[in-house]
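Values below: all heavy atoms of this structure, side chains included; hydrogens, waters and symmetry mates excluded. Lettering follows sequence order; numbering is per chain, from 1.
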Protein chains: 2
Amino acid sequence: MVHDRRSPQPRLTDVAEIAGVSMKTVSNVINGYAHVSERTRTRVLAAIEEVGYRPNLSARNLARGRSGVIALVVPRLEMPYFAALAGRVVERAEARGWFVLIHESGGDLAAEREALEGRFPQRIDGLIVSAQHLAPADLAARTDRTPLVLLGEQTFGSVAHHVAIDNTEAARAAVGHLVHLGRRRIALVGATPGPRQQGYIEALESAGLPVLPELMVPITANSGEEGERAARALLDLGAATPDGIFAVTDWVALGAMRALHLRGLHVPDDVAVVGFDDIPYARAVTPSLTTISPDRSALAEAALRMLEAQIAADGGPVPPVDERVPFTLVVRESTAGIHP
Amino acid sequence: MVHDRRSPQPRLTDVAEIAGVSMKTVSNVINGYAHVSERTRTRVLAAIEEVGYRPNLSARNLARGRSGVIALVVPRLEMPYFAALAGRVVERAEARGWFVLIHESGGDLAAEREALEGRFPQRIDGLIVSAQHLAPADLAARTDRTPLVLLGEQTFGSVAHHVAIDNTEAARAAVGHLVHLGRRRIALVGATPGPRQQGYIEALESAGLPVLPELMVPITANSGEEGERAARALLDLGAATPDGIFAVTDWVALGAMRALHLRGLHVPDDVAVVGFDDIPYARAVTPSLTTISPDRSALAEAALRMLEAQIAADGGPVPPVDERVPFTLVVRESTAGIHP
DNA sequence: CTGAAAGCGCTTACAG
DNA sequence: CTGAAAGCGCTTACAG
């Protein structure tokens with residue numbers, strides 16, 4: 001025995017003794033199992049309250065053969081979108097008595113693939129990957145059996161569990177908003193085949209506007225620098241500059257706004273800008289940024305619920321589901337104008 | 001026994017068997033204890049590698065009488081400074097095999113006090129609190145014995161372990177930079193008695209500039225809104241508006257820059273602005289923000305080291321230390337000007 | 001230096 | 001429905 005000067009924590013047996021029942025009954029009450037009479041339940045809960053009992057998760061997990069830890073893989077925690085998302089995942093995990101091991105992939109495909117194989121310093125019960133580059137083929141090639149849920153724009157059909165907002169619909173809403181404001185030359189900053197580009201195209205078409213390749217600018221990363229570079233390229237089109245920009249992330253939008261500012265263009269009078277993600281900066285910047293706000297709590301909750309189902313199945317088959325959560329279009333100054 | 005379809009994880013005994021030694025020896029190797037011959041060590045490590053052994057932390061913590069979990073209390077994870085800090089704490093904790101339970105206080109004094117008493121859903125081995133409002137008296141009144149390290153501007157003398165940058169020196173560096181640029185009417189946005197205000201005053205005095213009460217504007221929260229309101233109040237001073245602003249946080253500085261922008265003032269030509277924290281937005285905003293950048297990795301590492309020492313003392317006396325970590329002044333466009 | 005054994009605090013068949 | 005007991009995988013005095 002280690003000499004321990006801390007006052008000992010109450011144990012399950014202490015609670016059982018006080019309540020005058022067996023450990024099993026206390027365990028049943030705590031875990032919500034079985035048929036415990038209301039009277040017994042009340043007595044047990046009173047005893048728990050009395051001694052301030054909190055289960056020892058190490059012991060519980062050891063007995064259950066789990067670690068109580070799930071891993072969350074994001075490109076980088078300092079990217080505001082992922083910080084906010086991680087906050088919600090941690091919150092929803094806590095409600096389940098789980099801990100979250102946050103792992104940064106650096107937005108690197110190789111690192112994302114590695115994470116899929118579950119080489120973590122700790123044993124984990126489940127894995128949530130916010131993937132930037134993973135393709136269905138990577139999932140099909142997966143050998144590790146750890147329960148997995150994918151997050152992100154890319155969909156994975158029936159190969160893997162996935163949760164996201166409807167990115168096409170969200171992009172349509174963003175571009176539709178610009179159309180509604182009377183913008184006619186709407187650029188896409190961050191063009192890449194996928195749901196958001198699809199939504200951009202659909203919104204233009206349903207408004208009867210032409211889809212112009214020169215207004216669809218690819219970027220090599222979702223960075224401010226790339227957003228700035230792409231916007232500068234758009235401005236160099238000469239007379240035919242855009243009057244609206246839909247950027248695939250807020251961070252890219254901030255870079256684009258910088259380019260506009262440096263060229264002496266006014267947002268939104270000259271060019272209206274819409275971003276995507278609703279990072280905290282979106283409302284702090286001047287002009288504040290109109291953007292798509294995914295319901296991050298719903299995203300986190302759905303991911304954890306899907307993980308929970310797989311863990312409960314204990315390796316048994318769980319048909320992959322692809323779930324959608326809500327989003328909203330938040331209109332701010334970058335499209336509505338500044339009204340101090 | 002639960003029916004488990006997952007392939008079983010290798011255990012310590014498996015490693016011992018393969019290496020042809022006792023569990024004790026394997027344990028010694030893993031934990032770096034005692035006198036193990038180099039030859040044995042190599043054989044054990046080879047066996048660990050061979051089966052891909054990773055210790056079961058639940059079992060280890062149960063045996064050691066610890067939870068392996070530390071709590072980190074921050075006002076709000078969506079505040080970029082704390083997101084970045086949390087990232088580093090998680091990283092340094094991981095290196096020690098610890099998990100971090102992140103808890104949000106909402107920047108509320110009552111919630112900070114409660115956290116001090118250790119009412120967490122899990123048992124925790126230690127506690128890091130990034131305090132906004134806690135005073136030494138709150139620490140003196142503490143009854144809970146959980147190892148604790150405080151973070152933040154406020155110092156706690158010999159009442160509690162604390163780690164921070166030298167806030168006075170940092171503020172002096174920030175204001176000194178503005179003085180060096182030739183600014184003579186330098187305002188403090190976020191005036192409140194404490195190290196940063198102290199540094200502001202010292203920098204002015206050592207430059208032979210007057211300390212003017214009307215240029216020291218208090219705010220009720222470190223928010224963009226408050227920064228904007230305070231800056232607006234400064235501008236309403238009329239002819240005698242400031243030519244430099246030192247804001248107590250970046251977020252406040254962003255709000256101040258917004259007020260300047262809306263009044264048609266140019267940063268830095270009309271008013272140079274320096275912030276504090278170096279949040280990711282500081283480099284994304286236009287103009288990018290000159291700011292004090294604390295060494296967050298050093299901050300996290302020091303806090304964990306101090307926690308480790310207390311945990312190792314196992315309730316025994318550990319004289320509180322107040323540690324300083326480095327910071328740098330990062331000069332960007334809000335003082336140096338825009339040079340695209 | 002090594003090995004056998006007890007113990008950490010839970011969960012869960014199992015027998016009553 | 002309840003109780004006694006085994007077992008989860010480690011660590012650590014203890015005896016050799």
Side-chain angles (χ1 to χ4, degrees), chain A residues 1-4 6-41 43-44 47-48 51-69 97 122-123 125 311-312 314, chain B residues 1-4 6-41 43-44 47-48 51-69 97 122-123 125 311-312 314:
Chain A
M1 239 320 264
V2 176
H3 175 62
D4 193 332
R6 293 168 299 183
S7 63
Q9 300 269 11
R11 293 158 304 167
L12 198 59
T13 47
D14 301 324
V15 173
E17 198 176 325
I18 291 176
V21 299
S22 72
M23 282 175 59
K24 179 83 173 93
T25 303
V26 178
S27 179
N28 282 344
V29 169
I30 290 172
N31 296 301
Y33 294 155
H35 326 270
V36 183
S37 74
E38 197 46 51
R39 213 174 137 276
T40 307
R41 233 180 70 84
R43 220 165 56 215
V44 169
I48 287 174
V51 298
Y53 172 74
R54 287 171 297 171
N56 180 319
L57 296 185
S58 296
R60 169 184 291 176
N61 289 325
L62 178 58
R64 286 188 179 164
R66 308 206 199 288
S67 65
V69 175
Q122 329 288 1
R123 304 175 188 205
D125 296 338
I311 293 173
D314 204 27
Chain B
M1 240 314 269
V2 177
H3 176 63
D4 192 331
R6 295 167 299 182
S7 63
Q9 299 268 10
R11 293 157 305 166
L12 199 58
T13 47
D14 301 324
V15 174
E17 197 177 327
I18 291 175
V21 299
S22 71
M23 279 176 60
K24 178 86 173 91
T25 303
V26 178
S27 178
N28 283 342
V29 169
I30 289 172
N31 296 301
Y33 294 155
H35 327 270
V36 183
S37 75
E38 196 46 51
R39 212 174 137 275
T40 306
R41 233 181 69 84
R43 220 167 54 212
V44 168
I48 287 174
V51 297
Y53 173 73
R54 287 172 297 171
N56 180 319
L57 295 186
S58 296
R60 170 184 291 175
N61 289 325
L62 177 59
R64 286 187 179 163
R66 307 207 198 289
S67 65
V69 174
Q122 329 287 358
R123 303 173 190 210
D125 296 338
I311 293 172
D314 204 26

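The side chain of B:R123 contributes an N or O atom lying less than 4.0 Å from OP1 or OP2 of C:dC10. Dashed line: the shortest gap from a side-chain N or O of A:N31 to OP1 or OP2 of C:dT11 is under 4.0 Å. For A:S22, a side-chain nitrogen or oxygen approaches OP1 or OP2 of D:dG3 to under 4.0 Å.
Side-chain atoms of A:D125 and A:S67 include a donor-acceptor pair closer than 3.5 Å.
Atom CZ of B:R41 is surrounded by 12 or fewer heavy atoms from other residues, nucleotides or ligands within 6.0 Å.
Taking atom CE on B:M23 and atom C1' on C:dT2, their separation rounds to 13 Å, with Å as the unit. One can place CD1 of A:I30 at 11 Å from C1' of C:dT11, the figure rounded to the nearest angstrom. Following rounding to the nearest Å, A:R66 (CZ) and C:dC10 (P) show an atom-to-atom distance of 18 Å. Atom-to-atom, CG of B:D14 to P of D:dG9 comes out at 9 Å; the value is rounded to the nearest Å. Taking atom CZ of A:R60 as the reference point, atom C1' of C:dT12 lies 14 Å away to the nearest angstrom. To the nearest angstrom, P of C:dA6 lies 17 Å from CG of B:L62. Atom pair A:I48:CD1 and C:dC10:P shows a separation of 11 Å (rounding to whole Å applied). Atom pair A:L57:CG and C:dC8:C1' shows a separation of 14 Å (rounding to whole Å applied).
Closest approach to the B:A59 side chain among C:dA13, C:dT11, D:dG9 is made by D:dG9 (side chain taken as heavy atoms from C-beta onward). Comparing C:dT11, D:dC10, C:dG9 by their closest approach to the side chain of A:R11 singles out C:dG9. Nearest nucleotide to the side chain of A:K24, out of C:dT11, D:dA4, D:dT12: D:dA4. Among the nucleotides C:dT2, D:dG9, C:dT11, the one closest to the side chain of B:T25 is C:dT2. With distances taken from any side-chain atom of B:R64 to the nucleotides C:dC10, D:dT11, C:dT12, the minimum falls on D:dT11.
Annotation: C:dT12 and C:dG16 have their C1' atoms spaced 16 Å apart (nearest Å).
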Practice item. Assess whether side-chain contact (heavy atoms from CB on, under 4.5 Å) is satisfied between B:I30 and B:R60, documenting all intermediate values. Key: CA-CA 12 Å; B:I30 289 172; B:R60 170 184 291 175; 3.5 Å; yes
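Nucleic acid contact class of A:S37 (heavy atoms, under 4.0 Å, all strands): none. Across all strands, A:T13 comes closer than 4.0 Å to no nucleic acid atom at all (heavy-atom distances).
Taking each heavy atom of B:G20 and B:R43 in turn, the nearest pair found is O-NH2, 4.0 Å.
For D:dT2, the paired base is C:dA15 (Watson-Crick or G-U wobble, both distances below 3.5 Å).
With rounding to the nearest 0.5 Å, the separation of OG1 in A:T13 from CD1 in A:I18 is 10.0 Å.
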